[in-house]
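Below you'll find the structure, written out as structure tokens, and then a few comments.
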Amino acid sequence: MNDPASRVKRPRAAMMVLLFAIAASVLVIDQFTKFLAVTFLEDRPPVPVIGSLAGFTFYRNPGAALGLGSNVTWIFPIIAVGVFIAILVISRKLGSRVWAIGLGLLLGGLFGNLVDRLFREPSFLHGAVVDFIDLSLFICNVADIAISAAAVTLVIVSLRGIDIDGSDSTRVKEDSHD
């Protein structure tokens, strides 16, 4: 069990566990905070926390970011399933902890909003996403924050030249010029 092939599988398996643990954590936190928002904020006035800069305001968002696409909500679950499949496919090469974190945040946020699309009012596949974190310019939720953090993480790691398998793509380019 100590051959090179099994050693390669252990880190990838650990990265997959990390990816799915982060995704599950984001999903649970997102759905729990949405439960709290529905329970304590729906049909109530906004709750300022930092003056008018930030607080809690209940909103059922029928569209995507900034309410865009509210007439085609059925497309969002299809996109979510496509992204999920893409994550599963590329995660077979996973060897980087930072990539596992970024993909876990993306997957957790994706599923957090997908649960809303599937099971919240007004109907299956047309559910409105519960948003409640009011940041003055927009209202979001934990899933949205996770998706944004994933985007920033994956862009930075890509710019730093770290490939999904953990190798340094900038080093490979430098070595090929020698």
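Sequence positions, counted from 1, serve as the residue numbers for this chain. In what follows, every heavy atom counts, from backbone to side chain, and hydrogens, waters and symmetry copies are set aside.
- Separating the CD1 atom in Ile133 from the SG atom in Cys140 is a distance of 5.0 Å, to the nearest 0.5 Å.
- Here ring-ring contact (aromatic ring centres under 6.0 Å, His included) pairs that include residues 87-122, with residues two or more places apart or in two chains, are Phe84-Phe111.
- Hydrophobic clustering (ILVMFWY, side-chain heavy atoms < 4.5 Å, transitive): Ile145 and Val47 are in one cluster.
- To the nearest 0.5 Å, atom OG of residue Ser91 and atom CZ of residue Arg12 are 10.5 Å apart.
- Applying the side-chain hydrogen bond (donor to acceptor under 3.5 Å, both in side chains) rule to Ser96 yields no partners; only residues at least two apart in sequence or on another chain are considered.
- Pairs passing the side chain to side chain donor-acceptor pair (under 3.5 Å) check and including a residue from residues 32-41, sequence neighbours excluded, read Asp30-Lys34, Lys34-Asn113, Lys34-Asp116.
- Residues in residues 22-44 take part in no ring-ring contact (aromatic ring centres under 6.0 Å, His included) pair, two or more places apart or across chains.
- Evaluation of the side-chain hydrogen bond (donor to acceptor under 3.5 Å, both in side chains) rule for Glu121 yields no partner, not counting sequence neighbours.
- Minimum heavy-atom separation, Pro48 to Pro46: CD-O, 3.5 Å.
- Atoms CD1 and CZ, from Ile22 and Phe20 in turn, are 11.5 Å apart once rounded to the nearest 0.5 Å.
- Using a 4.5 Å heavy-atom cutoff, the side chains of Tyr59 and Asp134 are not in contact.
- The backbone N or O of Pro62 sits less than 3.5 Å from a side-chain atom of Arg117, completing a donor-acceptor pair.
- Hydrophobic cluster membership is shared by Ile78 and Phe124, with clusters built from Ile, Leu, Val, Met, Phe, Trp and Tyr side chains linked at under 4.5 angstrom.
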Donor-acceptor pairs are to be reported for all side-chain atoms of residues 148-158 against protein atoms at under 3.5 Å, with residues two or more places apart or in another chain.
unit_1: Ser148; atom_1: OG; unit_2: Asp144; atom_2: O; d: 3.0
unit_1: Thr153; atom_1: OG1; unit_2: Ala149; atom_2: O; d: 2.7
unit_1: Ser158; atom_1: OG; unit_2: Leu154; atom_2: O; d: 2.8

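- Residue Val98 is not grouped with residue Leu18 when hydrophobic side chains (ILVMFWY) are merged at heavy-atom distances under 4.5 angstrom, including chains of intermediate members.
- Put simply, Val26 and Ile87 are part of two different groups of oily side chains (I, L, V, M, F, W, Y) that touch within less than 4.5 Å, one to the next.
- Side-chain heavy atoms closer than 4.5 Å link hydrophobic residues (I, L, V, M, F, W, Y) into clusters, and following such links, even through other members, never connects Ile162 to Leu159.
- Partners of Arg60 according to the side-chain hydrogen bond (donor to acceptor under 3.5 Å, both in side chains) rule, which considers only residues two or more places apart in sequence or in another chain, are Glu42.
- Residues passing the side chain to side chain contact (heavy atoms under 4.5 Å, CB included) test with Ile75 are Val72, Ile79, sequence neighbours excluded.
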- Query: Where do Arg120 and Val115 land on the side-chain contact (heavy atoms from CB on, under 4.5 Å) test, with the steps shown first?
  - Reply: CA-CA 8 Å; Arg120 291 199 189 271; Val115 167; 5.9 Å; no

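- Here the CD1 atom belonging to Ile164 is positioned 5.5 Å from the CG atom belonging to Leu94, to the nearest 0.5 angstrom.
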Below 3.5 Å, can you tabulate the donor-acceptor pairs from side chains in residues 125-132 to any protein atom, sequence neighbours excluded?
unit_1: His126; atom_1: ND1; unit_2: Thr73; atom_2: OG1; d: 2.9
unit_1: Asp131; atom_1: OD1; unit_2: Asn141; atom_2: ND2; d: 2.8
unit_1: Asp131; atom_1: OD2; unit_2: Asn61; atom_2: ND2; d: 3.3

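- Listed by first then second residue, pairs satisfying salt bridge (charged side-chain N to carboxylate O under 4.0 Å, His left out) with a partner in residues 92-103 number zero, not counting sequence neighbours.
- One finds the CD1 atom of Ile85 at 13.0 Å from the CD1 atom of Ile90 (value rounded to the nearest 0.5 Å).
- Applying the salt bridge (charged side-chain N to carboxylate O under 4.0 Å, His left out) rule to pairs touching residues 75-84 yields nothing, sequence neighbours excluded.
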Name the atoms and distances for all side-chain donor-acceptor pairs under 3.5 Å in residues 102-110, with sequence neighbours left out.
none

